[in-house]
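Note that this is a predicted model, so its numbers are computed, not measured.
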Amino acid sequence: LPELKVRYLMYTRHSPALQAVLSELNPEVARRVIPLDDGPAAMIEAVAALKRGEFVAILGDRMPHTTTRGRLTTEFLGGSITVPSSPYVLAMGAGAPLILCFAPWLGRDTYRVDFSEIYDGTAVPRAERGARIQRLAQLYTSRLETLCRRHPFNWFNFFDIWRIERDLPSADARHGHGGA
């Protein structure tokens, strides 16, 4: 649809090669990127885009390793992972629906694209936002886990973004060495 406007939140500082390729392949799409390198400015620009009726695409599991605020811990594959709260905070702040999109590869040139709304954009009382954001983040990671189990060879990352925390014994205990 030509009238559909999509903006893309992206950490441009971490991917200069991707930015260069994107600029060469499709300069119009490259101009629609909202750089996440300055988080507050990016969120202001994203809210403005949503208020204009544009779509804002964001990867729900990406955050810079230096971020200490805005992290949520969710259950994932028998352990826990940390995901950003920003997609949920952004949607609630803008009063915009939050729609998950997954597109697992099914085989030669075949993908199954699935969109599902997990938040309809209605106002959430301030006292309930934290719990609601946590539930939305868990819903996201639960759906991601289902897809990872269903399509285990679809998932790779060039960066360690899914550091799964588990209650594992220390290396010394696993190898029969006593601890002090």
Side-chain angles (χ1 to χ4, degrees), residues 1-74 76 81-103 111 113-144 147 155 157-163:
L1 300 170
E3 66 276 358
L4 181 67
K5 301 278 191 226
V6 180
R7 302 292 304 274
Y8 309 92
L9 287 166
M10 192 167 106
Y11 289 106
T12 56
R13 182 175 45 216
H14 297 151
S15 56
L18 176 60
Q19 279 294 105
V21 169
L22 187 56
S23 293
E24 181 149 342
L25 291 176
N26 192 330
E28 175 57 30
V29 170
R31 282 190 290 278
R32 293 183 187 172
V33 169
I34 299 172
L36 271 170
D37 305 312
D38 178 357
M43 291 302 110
I44 290 168
E45 190 172 346
V47 168
L50 290 167
K51 298 275 185 194
R52 289 190 302 269
E54 299 173 359
F55 286 81
V56 175
I58 183 171
L59 295 171
D61 58 357
R62 303 299 201 273
M63 71 173 72
H65 292 292
T66 58
T67 299
T68 56
R69 293 181 42 212
R71 292 175 180 250
L72 299 168
T73 300
T74 59
F76 185 69
I81 62 170
T82 303
V83 295
S85 63
S86 53
Y88 317 102
V89 171
L90 175 62
M92 282 185 198
L98 189 56
I99 301 167
L100 294 182
C101 174
F102 292 106
Y111 292 83
V113 180
D114 178 58
F115 292 94
S116 59
E117 182 179 282
I118 63 168
Y119 170 66
D120 64 6
T122 58
V124 176
R126 183 173 296 277
E128 298 172 20
R129 288 182 193 158
R132 182 75 173 274
I133 287 169
Q134 183 66 47
R135 284 194 308 272
L136 290 170
Q138 185 59 59
L139 180 59
Y140 164 73
T141 55
S142 294
R143 292 199 181 161
L144 182 62
L147 285 169
W155 309 99
N157 284 295
F158 296 109
F159 301 103
D160 184 16
I161 60 167
W162 291 356
R163 185 166 171 241

Which residues satisfy the side-chain contact (heavy atoms from CB on, under 4.5 Å) test with [X], sequence neighbours excluded?
{"X": "A94", "result": "V47, L50, A96"}
{"X": "A137", "result": "L72, T74, V83, Y88"}
{"X": "L147", "result": "F102, P104, R150, H151, W155"}
{"X": "I58", "result": "L9, S86, P87"}

Next item on the list: Evaluate side-chain contact (heavy atoms from CB on, under 4.5 Å) for Y140 paired with L98, printing each intermediate quantity in order.
Entry: CA-CA 11 Å; Y140 164 73; L98 189 56; over 6 Å; no
Notebook entry, point to check: What salt bridge (Lys or Arg N to Asp or Glu O under 4.0 Å) pairs are there with at least one residue in residues 129-139, not counting sequence neighbours?
Noted result: none
Margin query: I need the full list of salt bridge (Lys or Arg N to Asp or Glu O under 4.0 Å) pairs touching residues 92-102, with sequence neighbours left out, sorted by first then second residue.
Written below: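 For residues 92-102, and leaving out neighbouring residues, there are no salt bridge (Lys or Arg N to Asp or Glu O under 4.0 Å) pairs at all.
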Next item on the list: Could you list the residues that satisfy salt bridge (charged side-chain N to carboxylate O under 4.0 Å, His left out) with R126, not counting sequence neighbours?
Entry: none
Checklist line | Any residue meeting salt bridge (charged side-chain N to carboxylate O under 4.0 Å, His left out) with E28, in chain and number order, not counting sequence neighbours | finding: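 By the salt bridge (charged side-chain N to carboxylate O under 4.0 Å, His left out) rule, E28 matches R31, R32.
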Next item on the list: For residues 42-51, pull every pair meeting side chain to side chain donor-acceptor pair (under 3.5 Å), keeping only residues two or more places apart or in separate chains.
Entry: R7-E45
Any residue meeting side-chain hydrogen bond (donor to acceptor under 3.5 Å, both in side chains) with [X], in chain and number order, not counting sequence neighbours:
{"X": "S142", "answer": "Q138"}
{"X": "S116", "answer": "R143"}
{"X": "N26", "answer": "none"}

Next item on the list: For side-chain contact (heavy atoms from CB on, under 4.5 Å), just list the numbers for L36 and M43, CA-CA rounded to whole Å, side-chain angles, deciding distance to a tenth of an Å, and then say yes or no.
Entry: CA-CA 8 Å; L36 271 170; M43 291 302 110; 3.6 Å; yes
Taking all atoms of both residues into account, what is the closest heavy-atom pair of [X] and [Y], and its distance?
{"X": "V56", "Y": "A46", "result": "CG2-O, 3.8 Å"}
{"X": "V29", "Y": "Y8", "result": "CG1-CE1, 3.8 Å"}
{"X": "A42", "Y": "P35", "result": "CB-O, 3.3 Å"}
{"X": "Y111", "Y": "A103", "result": "CD2-O, 3.4 Å"}
{"X": "I133", "Y": "S85", "result": "CG2-CB, 4.2 Å"}

Next item on the list: Output the distance between atom OG1 (T141) and atom CG (L136), rounded to the nearest 0.5 Å.
Entry: 11.0 Å
Checklist line | Inter-residue atom distance D120.CG - I99.CD1, 0.5 Å rounding | finding: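 It comes to 10.5 Å.
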